[in-house]
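The next block holds one structure in the form of structure tokens; read it before the comments.
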Number of protein chains: 2
Amino acid sequence: MTTPPDSQAIAERQLCGLVNGLAQRIAEHVRERAATLGLTAPQATALREMSGPMTMRELADRMSCEPSNTTFVVDKLEKQNLVERHPHPTDRRAKRLALTAEGAALRRRLLDLLAVDSPLSGLTPQEQRVLHGLLEQAVRAAPAG
Amino acid sequence: MTTPPDSQAIAERQLCGLVNGLAQRIAEHVRERAATLGLTAPQATALREMSGPMTMRELADRMSCEPSNTTFVVDKLEKQNLVERHPHPTDRRAKRLALTAEGAALRRRLLDLLAVDSPLSGLTPQEQRVLHGLLEQAVRAAPAG
DNA sequence: GCAACATATTTACAGCTTGAATGATTCGAG
DNA sequence: CTCGAATCATTCAAGCTGTAAATATGTTGC
């Protein structure tokens with residue numbers, strides 16, 4: 001070891017800062033593009049994750065947020081006629097979220113907007129794959145606090 | 001290329017989700033440890049970044065948030081006698097933030113708490129260096145929207 | 001010196017997010 | 001079948017965060 005004992009801790013702190021900084025960048029990027037469609041960032045994130053019918057809990061997991069928050073966000077989307085809450089076919093506790101035709105169309109436009117000048121465009125596809133692997137490993141290793 | 005045309009966009013979306021997910025993990029980790037010291041997550045983040053005297057703007061940059069937010073957070077820390085706002089020696093617009101003795105002691109304890117079982121402990125030091133390099137490259141390539 | 005513009009911080013406000021409490025439903029053990 | 005624990009979604013209170021505007025100071029060019 002060529003480094004002092006707590007240098008590892010310092011490196012980890014810097015790394016946490018970088019992760020957080022990039023997450024902020026991504027959020028800001030989403031916010032900008034979403035605004036052009038009349039959506040807020042969390043609304044856009046929800047729409048982005050709605051690749052098919054799913055429950056509130058499932059959407060919350062995809063958005064990495066609390067279920068109570070998805071209630072709030074989905075309320076907004078529902079008022080704009082972008083998504084609908086249907087009863088779940090097999091579980092009466094759950095709601096089955098589905099995009100309306102209008103919602104599906106807006107989602108397509110949103111995905112197109114988000115694809116250009118992504119905050120990750122500074123990395124080559126290969127570098128992105130490496131990053132993907134490392135992040136997945138980090139997330140999987142620290143499951144639930 | 002062995003992949004369909006928009007597969008790259010999908011990969012980037014997944015990557016954004018991973019970055020966000022890990023950032024959430026880190027925030028949660030900070031929140032847990034901070035709570036044992038009577039601090040909220042943003043308060044702890046501010047304390048962590050206060051490695052020396054700095055201005056509000058500088059702290060905001062380190063915390064990757066808006067200056068108005070640091071006003072809010074520093075207000076809380078000041079009420080707990082952890083930091084103080086002093087006049088800046090050369091720029092009368094700016095405030096010079098400094099830790100109190102109590103704040104410095106608490107910061108030391110906080111750093112010790114944060115160092116054990118870091119959310120990044122699933123990666124080896126070498127992997128962390130690779131991750132650091134990739135993140136820095138991504139952040140630098142997307143400067144300001 | 002002064003006008004015009006840029007910067008540092010704060011305030012007011014609106015929107016987002018969490019965590020705890022609640023009601024409805026499901027599931028497994030007896 | 002029934003009890004109790006667990007799960008899904010919602011509500012509410014409290015706190016966090018960003019935007020826009022306001023105030024004060026600094027800087028530049030004339």
Side-chain angles (χ1 to χ4, degrees), chain A residues 20-21 23-32 34-35 38-47 53-80 83-98 144-145, chain B residues 20-21 23-32 34-35 38-47 53-80 83-98 144-145:
Chain A
N20 190 50
Q24 297 282 101
R25 283 293 170 77
I26 292 172
E28 185 183 1
H29 177 253
V30 172
R31 196 175 310 144
E32 285 175 2
L39 296 171
T40 67
Q43 287 166 22
T45 301
L47 207 59
M54 63 186 63
T55 66
M56 298 289 288
R57 157 68 64 179
E58 216 168 335
L59 180 58
D61 287 343
R62 291 208 191 199
M63 294 176 65
S64 298
C65 72
E66 297 300 314
S68 61
N69 196 13
T70 65
T71 296
F72 180 84
V73 175
V74 169
D75 279 350
K76 308 285 187 189
L77 293 177
E78 210 172 18
K79 275 177 191 160
Q80 301 179 57
V83 308
E84 287 172 346
R85 279 182 246 232
H86 299 298
H88 193 280
T90 65
D91 189 338
R92 283 183 300 173
R93 293 171 303 179
K95 305 282 174 65
R96 186 189 186 86
L97 299 176
Chain B
N20 190 49
Q24 297 280 100
R25 284 295 170 76
I26 293 172
E28 186 183 1
H29 178 254
V30 172
R31 197 176 310 143
E32 286 174 2
L39 296 171
T40 67
Q43 287 166 23
T45 301
L47 207 60
M54 64 185 62
T55 67
M56 297 290 288
R57 158 66 65 180
E58 217 167 334
L59 180 58
D61 287 343
R62 291 208 190 198
M63 293 176 65
S64 299
C65 72
E66 297 301 314
S68 63
N69 196 11
T70 65
T71 295
F72 180 83
V73 174
V74 169
D75 279 350
K76 309 284 188 190
L77 292 177
E78 210 172 17
K79 276 178 190 159
Q80 301 178 57
V83 308
E84 287 172 345
R85 279 182 245 233
H86 298 299
H88 192 280
T90 65
D91 190 338
R92 281 184 303 172
R93 293 173 302 180
K95 305 281 173 69
R96 187 189 186 85
L97 300 176

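Chain A is the first sequence line, chain B the second, and so forth, proteins listed ahead of strands; every chain is numbered from 1. Here the structure is a predicted model, which means the values were calculated and not measured.
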side-chain contact (heavy atoms from CB on, under 4.5 Å) with [X]: which residues, sequence neighbours excluded?
{"X": "B/Ala27", "result": "B/Arg31"}
{"X": "A/Asp91", "result": "A/His88, A/Arg93, A/Ala94"}
{"X": "B/Glu58", "result": "B/Met54, B/Thr55"}
{"X": "B/Glu66", "result": "B/Ser68"}

| request: In sequence, state the C-alpha distance, the side-chain angles, and the governing distance for B/Ile26 and A/Asn20, and then conclude on side-chain contact (heavy atoms from CB on, under 4.5 Å). | output: CA-CA 8 Å; B/Ile26 293 172; A/Asn20 190 50; over 6 Å; no
Given atom [atom1] of [X] and atom [atom2] of [N], what is their separation to the nearest angstrom?
{"X": "B/Met56", "N": "D/dT17", "atom1": "CE", "atom2": "P", "result": "13 Å"}
{"X": "B/Asp75", "N": "D/dC16", "atom1": "CG", "atom2": "P", "result": "11 Å"}
{"X": "A/Glu28", "N": "D/dT17", "atom1": "CD", "atom2": "C1'", "result": "13 Å"}
{"X": "A/Phe72", "N": "D/dA9", "atom1": "CZ", "atom2": "P", "result": "18 Å"}

Are [X] and [Y] packed together at the side-chain level, in the sense that at least one heavy-atom pair is separated by less than 4.5 angstrom?
{"X": "A/Leu97", "Y": "A/Arg85", "result": "yes"}
{"X": "B/Val74", "Y": "B/Leu59", "result": "yes"}
{"X": "A/Pro67", "Y": "A/Met56", "result": "no"}

| query | Can you list, by residue number, the residues of residues 63-71 of chain B that have a non-hydrogen atom closer than 4.0 angstrom to DNA chain D? | reply | B/Cys65, B/Glu66, B/Ser68, B/Asn69
| note | At a 4.0 Å cut-off to heavy atoms of chain A, the contacted part of DNA chain C spans C/dC16 to C/dT26
| task | For the helix from C/dG1-D/dC30 to C/dG30-D/dC1, figure out the bend between the end axes, five pairs an end, and round to 10 degrees. | result | 30°
| request: May I ask you to list the residues of residues 83-93 of chain B, by number, that have any heavy atom positioned under 4.0 Å from an atom of DNA chain C? | output: B/Arg85, B/Arg93
Just jot down the side-chain hydrogen bond (donor to acceptor under 3.5 Å, both in side chains) partners of [X], sequence neighbours excluded, or say none.
{"X": "B/Asp61", "value": "none"}
{"X": "B/Thr71", "value": "none"}
{"X": "A/Arg62", "value": "A/Ser51"}
{"X": "B/Gln24", "value": "none"}

| Whichever of A/Arg31 and A/Met54 has its nearest DNA chain D nucleotide further upstream toward 5' | A/Met54
| Distance in Å, B/Lys95 NZ paired with B/His86 NE2, rounded so as to fall on 0.5 Å steps | 12.0 Å
| query | Looking for any heavy atom pair under 4.0 Å, which part of the strands does A/Gln24 touch: base, sugar-phosphate only, or nothing? | reply | sugar-phosphate
